[in-house]
Amino acid sequence: MTANTDHAHVRNGFGTPRWRDTSLDAGARADALIAEMTLREKIAQLVGVWVGASDEGGEVAPHQHDMEEAVDLEELLPYGLGQLTRPFGTAPVDPAVGALSLMRTQRRIAAANRFGIPALAHEECLAGFAAWGATAYPVPLSWGATFDPALIREMAAAIGRDMRSVGVHQGLAPVLDVVRDARWGRVEETIGEDPYLVGTVATAYVQGLEAAGIVATLKHFAGYSASRAGRNLAPVGMGARERADVILPPFEMAVRESGVRSVMHAYTDTDGIPSAADERLLTGLLREAWGFTGTVVADYFGIAFLKTLHGVAGTFGEAAGAALAAGVDVELPTVKAFGEPLLDAVTGGRVPEALVDRAVRRVLVQKAGLGLLDPDWSPRPPALTGPGPQGREVPAAHGAARAPGAPAPDAGTVPGPDEAPADGAGRGSVDLDPDANRALARRVAERAVVLLHNDGTLPLSPAHAPGRTAAPARIALIGPNAESPTAVLGCYAFPVHVGGNHPGIPLGIELPTLREALAAEFPDSEIVVATGATVDGTGTDGFAEAAAAARDADVVVAALGDRAGLFGRGTSGEGCDAESLALPGVQQQLLDLLLATGTPVVVTLLAGRPYALGRAATGSAAVVQSFFPGEEGTTAIASVLSGRIAPSGRLPVSVPRHSGAQPSTYLAARLGHSSEVSGIDPTPAFGFGHGLTYTTFEWSALAADGHEAGTDGEFGLEFTVRNTGPREGTELVQLYLHDPVASVVQPVQRLIGYVRLELAPGEAIRVRATVPADLASFTGRDGRRIVEPGELELRFSASSTDPRLVARVTLTGPVREVDHRRELHTTFRTEPATAP
């Protein structure tokens, strides 16, 4: 239904409301609609409601969250609704039936308000679409380990297409928080400890998601990962320069380059100012300086937290006014501050209505861009689109177990638009985990496996290891993650995030255990399993069995690491912060016991953060690091162990040598490194960017176009990389900048570029790098970003601890101020190298 008005400013010459006129730009359409809306109708567009799709195909039902009272949809919907929170990610529901439920709900929402505006539906997509039966991809820390933005862009596009197919509009990802303390539970959700790596990979993810028609959401803006002692939601203790040079650059890059349409504020406060009430951050920097034009959404309950946790608002109305003034447009996940409290504050003159108008315009412009204001808008998503009103026959879902009580997948059809709900209608007809998705998940997982240490034991298969005569006759698979199907999943994967609350429901996707993957990869080997201990328990009753199995084996694969969970129910994940970076529970004791048997031990980590490994870092046969690698992760690990896949991952976070030397990061200034004046040595066991391969590379013949350039110029350098080993492999060229003397303290080095090189045995590539002077910029003493003249070192390195070629260059000329229009990237070009 549309408003009953013939005002010229809201109708075109054909009687169509101007907000329905697709020939107008989105801003003009939004303005026309706002002119006809009451205050209550405008505020209704600024809130979401947490709902769950019906497993019978009926309309969604409000979710009774632990922290909130239930919402009365009958009271809300006549005024409209801004967003639907997690219809697929609240409870297990067959995707086809969930799409039907969302479709019927959208029809109800549009019919209930006088303008016919549907809601925008959002979901989590941190490691894939967080829905039952959807592909579980590797977590973001594994994205960082790939150092492969193009692959992550491809993955994000696949995730976006699946979300769009069932009627979802917005994804709450990616996380651009830079790791500052690996004890923080949400490290698994981050891309790494370097802002350039985070920015490039996150930007690629956003590009993929947005290309599929999904509104991506940058989070958490800004500083959430810098909380004191790595405690979730703790205050952030950092200065303006650390914020500007470490925390903000990934967000700036994504805003400039990705086409992102939404940003989520962080929970935390920095120097006493909560992000949700920080006008200089959300408006002055994000919008006025960087030019962001999309919506700013609240992290869940974040506006209410201004009253309940931060204490900067005395009422929910005051919290709403502070958030609106700062630049927050939408309250999520449900109605609290932006409901009656905001309405009362505006009508009482305590909050200007102009702030509501500003926010609702952004919301409506976005809805217009999504087609939600178009005259031909339909609630029916692509997944339910058939040739006729009665639906169509469809095949069963690949590998997806049916929800309890569901009939066989071939029993249903996709319902027509007016078909009444019927249990089983369309079940199994929407496949969110097809073979193509699994193949893509496997490629990401394979490229994310990092080989940290190898004494020559790996690879284990004679087909891939010259000189090896046979695969191990007996492999002892020992550790708490040996037979756990969910050991590959992070805390936002659906089977962990939601499925744990529904123990009777099947996982919905195939999750091969490490035992199953090893059995498939080594069919001629006997696989002997001994758990030895639980992930975080203190019991050692299983140690004797584990030691016996190890002594009787040719090789031990120690399956150690984390169990993802939420708020203390796991060892990694949101609210699962660690006191130290020692392996959880008694796993280090178990590992030391296995090393003492004398059998070669291949440490295999399925984890959400890096851990100190004691003497195993160098005393084991090999160390294989994987960060929650998703549904195909164990297959990827097994293929690296055999040698069928050559390892190519690199560390996105440093692995500590000592469990208590925290916080530490490779981005430390000189005083942050080892010194004679402290008994704590933060030197990592394996530095950022480290990773071994099954071949060797030679770097040579560094040449520079010149060793001087102006502060507004650039440097051109080139060198040769040759595969000198017996098989194909990937070398990752990393370029670090070292500024020996600067007007403010700088990190000893920082990443300013990287390129992956795939080389056959004997192949050589000439690599040319163009390095703009802008990349030497930093925030000076007066808060301006500047490029200073002086000497620099450009270090072409295999990791932050392994420089291979160093160019000493000089910037000349005056100090130059730069802003958000500066160059952000080193440009790499490659061509075959001529014979030496």
Side-chain angles (χ1 to χ4, degrees), residues 127-128 135-159 174 188 190-192 194 197-198 200-205 207-208 436-452 454 458-459 464 488-490 512 517 521 604-608 610 622-653 686 688-695 697 721 723 727-734 751 754-760 798-799 828 830:
T135 304
Y137 292 91
V139 298
L141 202 55
S142 274
W143 310 351
T146 70
F147 278 78
D148 192 342
L151 180 60
I152 302 309
R153 185 183 300 112
E154 182 182 353
M155 179 195 72
I159 294 169
E188 65 175 68
T190 74
I191 294 168
D194 178 84
L197 175 65
V198 173
T200 52
V201 173
T203 295
Y205 182 89
Q207 290 168 342
N437 279 17
R438 294 194 71 95
L440 180 54
R442 185 166 57 252
R443 277 200 289 141
V444 177
E446 288 169 351
R447 293 196 181 188
V449 174
V450 186
L451 179 60
L452 299 182
N454 185 22
L458 297 182
H464 309 293
V488 295
L489 302 181
E521 192 71 26
T604 305
L605 296 158
L606 291 155
V623 179
V624 176
Q625 175 75 68
S626 182
F627 298 110
F628 290 143
E631 63 183 34
E632 287 289 320
T634 57
T635 300
I637 291 170
S639 67
V640 167
L641 295 182
S642 74
R644 181 168 54 85
I645 296 295
S648 65
R650 301 295 191 272
L651 282 176
V653 286
F686 305 103
F688 171 84
H690 171 76
L692 304 178
T693 68
Y694 289 152
T695 189
F697 297 93
V721 178
N723 183 344
R727 64 173 292 174
E728 78 287 345
T730 300
E731 185 67 305
L732 183 75
V733 171
Q734 303 163 48
L751 185 72
Y754 60 87
V755 61
R756 284 176 61 99
L757 305 175
E758 314 281 346
L759 296 174
S799 76
F828 289 95
T830 61

Looking only at heavy atoms, what is the nearest atom pair of A517 and A638, with distance? O-CB, 3.7 Å
pair R442-S639: side-chain heavy atoms closer than 4.5 Å: no
Does a side-chain heavy-atom distance below 4.5 Å link E521 with L641? no
Under 3.5 Å, side chain of T695 to main-chain N/O of R727, donor-acceptor pair present? yes
Looking only at heavy atoms, which two atoms of A441 and E632 are closest? And how far apart? C-CB, 4.2 Å
Step-by-step side chain to side chain contact (heavy atoms under 4.5 Å, CB included) determination, L458 to V640: CA-CA 8 Å; L458 297 182; V640 167; 5.7 Å; no
Would you say the side-chain atoms of S142 pair up with the backbone N or O of F627, donor to acceptor, closer than 3.5 Å? yes
Measure the shortest side-chain to side-chain distance between F686 and V450 over non-hydrogen atoms and say whether it is less than 4.5 angstrom. no
Within the structure provided, determine whether N723 and F697 are in side-chain contact (heavy-atom separation under 4.5 Å). yes
Please report the interatomic distance OH(Y694) to CG(L451), rounded to the nearest 0.5 Å. 5.5 Å
Any P629 side-chain heavy atom under 4.5 Å of V449 side chain: no
So CG of L440 and CZ of R438: to nearest 0.5 Å the spacing works out to 12.0 Å
Least distance between heavy atoms, Y754 atom then T200 atom: OH-OG1, 2.6 Å
Closest approach of V198 to G192 (non-hydrogen atoms, all atoms of both residues): CG2-O, 3.6 Å
Taking side chain as C-beta onward, heavy atoms only, is I191 less than 4.5 Å from P140? yes
Quick check: does any side chain N or O of T146 sit under 3.5 Å from a backbone N or O of W143, one acting as donor and the other as acceptor? yes
Considering all heavy atoms of both residues, which atom of G689 and which atom of Q734 are nearest to each other, and what is their separation? O-NE2, 3.0 Å
About how many Å separate CZ of R650 and CD of E731, when rounded to the nearest 0.5 Å? 5.5 Å
In Å, rounded to the nearest 0.5 Å, how long is the span from CZ of R756 to OG1 of T730? 4.5 Å
Separation between CZ (F628) and CG (L605), nearest 0.5 Å, reads 11.0 Å
Closest approach of A445 and G633, non-hydrogen atoms and distance? CB-CA, 4.1 Å
Does the side chain of Y137 reach to within under 4.5 Å of the side chain of N437, using non-hydrogen atoms? yes
Within the structure provided, determine whether T190 and L141 are in side-chain contact (heavy-atom separation under 4.5 Å). yes
Would you give the length of the straight line joining atom OG1 of T203 to atom CD1 of I152, rounded to the nearest 0.5 angstrom? 12.5 Å
